[in-house]
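Notes follow the structure.
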Amino acid sequence: LHRWLSRPDCSLAIQECKFLFDSTYAPKSAGTLTILHAQLKFNRIVYSRASTHVGNSQVFYYSQGDRLSSPVPGSIQHIYATPTGELVFAVHKLLPRHDQSIDPFAMYPHFPAKMYLSSSSSHLENVKVSWVVSHFARWAVLSDTVVILSLSHVSTI
């Protein structure tokens with residue numbers, strides 16, 4: 001029916017009906033449209049929301065896009081495209097340990113592991129895909145503590 005009403009040789013009376021039909025039955029916009037994704041491939045790297053693939057959801061990123069500060073670890077909860085087509089992640093940031101004075105990895109400069117709490121922030125942070133530095137590996141060492149190791153690229157092969 002829609003094709004028939006959209007034909008260029010459709011009569012003026014039928015076109016008026018099409019206008020009434022479209023205005024009555026066309027979906028109404030409730031503001032901005034958000035398109036959700038389960039995963040995303042960007043610059044040959046696959047990112048996933050945590051409910052799809054936990055490993056591909058763990059990312060180091062520049063919080064609020066601030067490249068002058070150190071990247072922070074977080075877990076992607078949602079992947080979406082804005083109406084302008086910009087790709088964005090909604091991320092739960094991992095919480096730092098409060099007792100950073102004892103860092104068993106400090107003596108290994110070529111093994112940049114750090115300890116964090118196993119819990120994450122309840123606040124979702126919007127992270128542009130371009131702010132992501134790398135994925136990270138995560139090992140639970142205590143019930144409330146994890147070790148995080150960046151999996152940054154060392155080769156483009």
Problem - Distance-only side-chain donor-acceptor flag, Ser134 / Ser150, under 3.5 Å - result: yes

Handout entry: Same apolar cluster (I L V M F W Y, side chains within < 4.5 Å links), Leu142/Leu95
Key = no

Exercise for the section: For residues Ser118 and Thr145, determine if any side-chain heavy atom of one lies less than 4.5 Å from a side-chain heavy atom of the other. Expected result: no

Problem - Heavy-atom side-chain contact between Asn126 and Tyr80 under 4.5 Å - result: yes

Exercise for the section: Check the pair His53 / Gln39 against side-chain contact (heavy atoms from CB on, under 4.5 Å), numbers first and verdict last. Expected result: CA-CA 9 Å; His53 189 280; Gln39 64 182 25; 5.8 Å; no

Handout entry: 4.5 Å side-chain heavy-atom contact, Ile148 and Leu94
Key = yes

Practice task
Side-chain contact test, heavy atoms from C-beta onward, threshold under 4.5 Å: evaluate it for Lys114 versus Val147 and give yes or no.
Solution key: no

Practice task
Before giving the answer on ring pair (Phe, Tyr, Trp, His ring centres under 6.0 Å), spell out for Tyr47 and Phe42 the whole-Å C-alpha distance, their side-chain angles and the decisive distance to 0.1 Å.
Solution key: CA-CA 8 Å; Tyr47 300 99; Phe42 183 79; 7.2 Å; no

Problem - Any Val59 side-chain heavy atom under 4.5 Å of Ile76 side chain - result: yes

Practice task
List in chain and number order the residues that pass ring pair (Phe, Tyr, Trp, His ring centres under 6.0 Å) with Phe60, two or more places apart in sequence or in another chain; answer none if no residue qualifies.
Solution key: Phe136

Fill in the blank from the handout: One should read off an interatomic distance between Asn56 CG and His135 NE2, to the nearest 0.5 angstrom, of 4.5 Å

Exercise for the section: Compare all side-chain heavy atoms of Tyr62 with those of Pro71 and state whether any distance is below 4.5 angstrom. Expected result: yes

Completion exercise
Heavy-atom closest pair (Met107 atom, Pro104 atom, distance to 0.1 Å) is CG-O, 4.1 Å

Completion exercise
Output for pair (Phe89 CZ, Ser57 OG), nearest 0.5 Å, gives 10.0 Å

Exercise for the section: Using the rule that two of Ile, Leu, Val, Met, Phe, Trp, Tyr join whenever any of their side-chain heavy atoms come within less than 4.5 Å, decide whether Leu117 and Trp139 are in one cluster. Expected result: no

Problem - Under 3.5 Å donor-acceptor, Ser69 side chain and Asp66 backbone - result: yes

Practice task
Verify side-chain contact (heavy atoms from CB on, under 4.5 Å) between Lys93 and His123, making sure each step is shown before the conclusion.
Solution key: CA-CA 8 Å; Lys93 186 187 306 187; His123 170 73; over 6 Å; no

Handout entry: Minimum heavy-atom distance between Tyr116 and Arg97, given as atom pair plus value
Key = C-CG, 3.6 Å

Problem - Distance (rounded to the nearest 0.5 Å) between Arg49 CZ and His78 NE2 - result: 8.5 Å

Practice task
For side-chain contact (heavy atoms from CB on, under 4.5 Å), just list the numbers for Leu40 and Val46, CA-CA rounded to whole Å, side-chain angles, deciding distance to a tenth of an Å, and then say yes or no.
Solution key: CA-CA 6 Å; Leu40 165 72; Val46 176; over 6 Å; no

Practice task
For Ser120 and His92, work out which heavy atoms get closest and say how close.
Solution key: OG-CB, 3.7 Å

Practice task
Would you indicate whether the side-chain heavy atoms of Leu124 and Val91 approach each other to under 4.5 Å?
Solution key: no

Problem - Under 3.5 Å: donor-acceptor pair, side chain of Glu125, backbone of Gln64 - result: yes

